[in-house]
Amino acid sequence: MTKKTADVTWPRANARRLARQGLTAPGTPRLTSPAAVAGAMLGAHAQVLSAGELSVALRLPPGATRADVRHALWTDRTLVKTYGPRGTVHLLPTADLPMWTGALSAVPAGKNPWPDGVRMTPGQTDEVVAAVRDALAGEPLTVDELTEAIVARTGAWAGERVMDAFQDKWPRWRQVTHTAAHRGALAFGPNRGRNVTYTSPGITPMDGQDALPALVHRYLRAYGPATPGDFARWLGAPPAWAARLFTDLADGERITEVTFEGAPAWVARGDASFPDREPARGVRLLPYFDAFAVACRPRERLFPGAAAGRALAGGQAGNYPVVLVDGVVAGVWHQRRSGRRVAVTVEPVGEALEPAAAREELALEVERVGAALEGRAELTVGTVTVGPHA
């Protein structure tokens, strides 16, 4: 049963988020494909691709594995690996890519972090993006091949190795790799051996004036109620710009203001119904940088008490895989693979995992993680000694 209200509590908001993310009952009727799941999550973080695969697989119907996600990514091409919110690598539904690229390319750029002599001008950026688009019109290219193609189309300046990166120097053009992706010129192709490749996504971005409201609508349906500041942090956008965007959408009656935990927040128009119940009971394991852990606010409610100190690295969510018990973080975990054996260590925080019923649910969830990874999981409850993922 649902009730329309302008006064939303954390338990009710969290219950709706969990359900829409496929974390209440994985494999709900609308979340039966990797593309549908990635769409509901607003992208699966895939800087660590195996973590992105697991995020999606755990929300699919029972029996789904990471192989299903890989098939969608590299065979069916219903998923695409590209640069998404915050300029980080995500798995996004291919069908949504025109909206994503239209919206992301319309977000104002922040201050250029590169020093004089390294940074590119706006004109050089446009020139490189055009060269990338032209070079990737054929077969996928490795970074070195793409560098050669860009230099041939622009000049030697684009290939100068001036960027400090991992005890190495990268060619100048790579500082706008995510910009090229946001403009629809570039996405990741399948690896060629150990070499990353880039390819053309083959899409035309939506106009930003249409794409931005669509993205806000999707965001608020997945993570609302939310504030402009929440949206700005999730997107990696200037807070003042996000505030103006929300004001314009409110003036156009495209979003609706509610009270969330005593403070103003926003939901998509016509989407102010929330469950009249507490969050679903249960235990869920979320891998590195899972979208739910990263995007849900207020963070102190999702990471209560000691969970914040243990599971947030410098205040940042996602660096540790987390254990959800009844919709809030109650531990961290780590998995180590050897052949088909997946050794899972779970470190509880607080007492939520103490009852026998919670331990039984934890064991079942660990089995599900092992199956999704196409292996056999073994559970140890103890201290996670591995540090946060950088």
Side-chain angles (χ1 to χ4, degrees), residues 43 46 77 79-165 168-192 195-212 214-215 235-238 241:
R77 301 299 177 92
L79 285 180
V80 62
K81 179 183 175 186
T82 189
Y83 291 91
R86 304 178 301 283
T88 53
V89 181
H90 278 68
L91 302 181
L92 302 174
T94 304
D96 291 346
L97 203 54
M99 177 202 70
W100 276 104
T101 52
L104 291 170
S105 60
V107 176
K111 182 179 179 181
N112 192 314
W114 297 103
D116 291 341
V118 176
R119 76 169 66 100
M120 290 166 49
T121 67
Q124 288 174 324
T125 296
D126 292 343
E127 195 174 348
V128 165
V129 171
V132 168
R133 193 183 306 276
D134 185 58
L136 294 178
E139 294 297 315
L141 300 177
T142 66
V143 172
D144 290 342
E145 291 167 345
L146 184 53
T147 298
E148 292 180 7
I150 291 170
V151 168
R153 288 164 171 80
T154 60
W157 59 267
E160 292 174 345
R161 301 182 73 84
V162 294
M163 292 175 59
D164 291 325
D168 193 6
K169 293 284 188 178
W170 281 358
R172 189 189 310 274
W173 76 267
R174 290 191 65 177
Q175 64 191 264
V176 297
T177 307
H178 71 282
T179 303
H182 288 175
R183 295 186 187 179
L186 171 151
F188 287 88
N191 284 0
R192 192 188 301 167
N195 293 318
V196 169
T197 73
Y198 294 113
T199 189
S200 169
I203 56 95
T204 299
M206 285 175 59
D207 181 84
Q209 295 304 308
D210 296 322
L212 281 169
L215 182 60
L235 190 59
W241 170 85

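At distances below 3.5 Å, at least one donor-acceptor pair connects side-chain atoms of Arg161 with backbone N or O atoms of Lys169. Side-chain atoms of His178 do not come within 3.5 Å of backbone N or O of Val176 as any donor-acceptor pair. With hydrogens and angles disregarded, no donor-acceptor distance shorter than 3.5 Å links the side chain of Arg172 to the backbone of Val162. In terms of modelled atom types and a separation under 3.5 Å, the side chain of Gln175 and the main chain of Val118 share a donor-acceptor contact.
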Thr179 vs His182, test: side chain to side chain contact (heavy atoms under 4.5 Å, CB included). Steps then yes/no. CA-CA 5 Å; Thr179 303; His182 288 175; 5.6 Å; no

Verify side chain to side chain contact (heavy atoms under 4.5 Å, CB included) between Leu235 and Leu104, making sure each step is shown before the conclusion. CA-CA 8 Å; Leu235 190 59; Leu104 291 170; 3.7 Å; yes

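Contact annotation: the side chain of Lys81 approaches that of Val89 to within less than 4.5 Å [non-hydrogen atoms, C-beta and beyond]. Using a 4.5 Å heavy-atom threshold, the side chains of Arg183 and Thr125 count as touching. Leu186 is listed as a side-chain neighbour of Thr177, based on a closest heavy-atom distance under 4.5 Å. Side-chain contact check for Trp100 versus Pro205: every heavy-atom pair is 4.5 Å or farther apart. A heavy-atom distance below 4.5 Å is not found between the side chains of Thr197 and Leu146. The shortest side-chain heavy-atom distance between Met163 and Trp173 does not fall under the 4.5 Å cut-off.
The CG atom of Asp126 lies 9.0 Å from the CE atom of Met120; values are rounded to the nearest 0.5 Å.
Across every non-hydrogen atom of Thr101 and Ala181, the tightest pair is CG2-O, 3.6 Å. Considering all non-hydrogen atoms of both residues, Ala185 and Leu136 come closest at O-CD1, 3.7 Å. Shown here for Asn191 and Val196, the closest heavy-atom pair between the two residues is OD1-CA, 3.7 Å. Across all non-hydrogen atoms, the minimal contact from Val80 to Ala187 is CG2-CB, 3.7 Å. The shortest heavy-atom contact between Ala158 and Thr154 is CB-OG1, 3.3 Å.
Among residue pairs with one or both ends in residues 128-145, those qualifying as salt bridge (Lys or Arg N to Asp or Glu O under 4.0 Å) are Asp134-Arg153, Glu145-Arg192; sequence neighbours excluded.
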Show me the side-chain donor-acceptor pairs of residues 107-116 shorter than 3.5 Å, one per line, residues at least two apart or across chains.
unit_1	atom_1	unit_2	atom_2	d
Asn112	OD1	Trp114	N	2.9
Asp116	OD1	Arg119	NH1	2.5

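Not counting sequence neighbours, the partners of Phe188 by the ring pair (Phe, Tyr, Trp, His ring centres under 6.0 Å) test are Tyr83, Tyr198.
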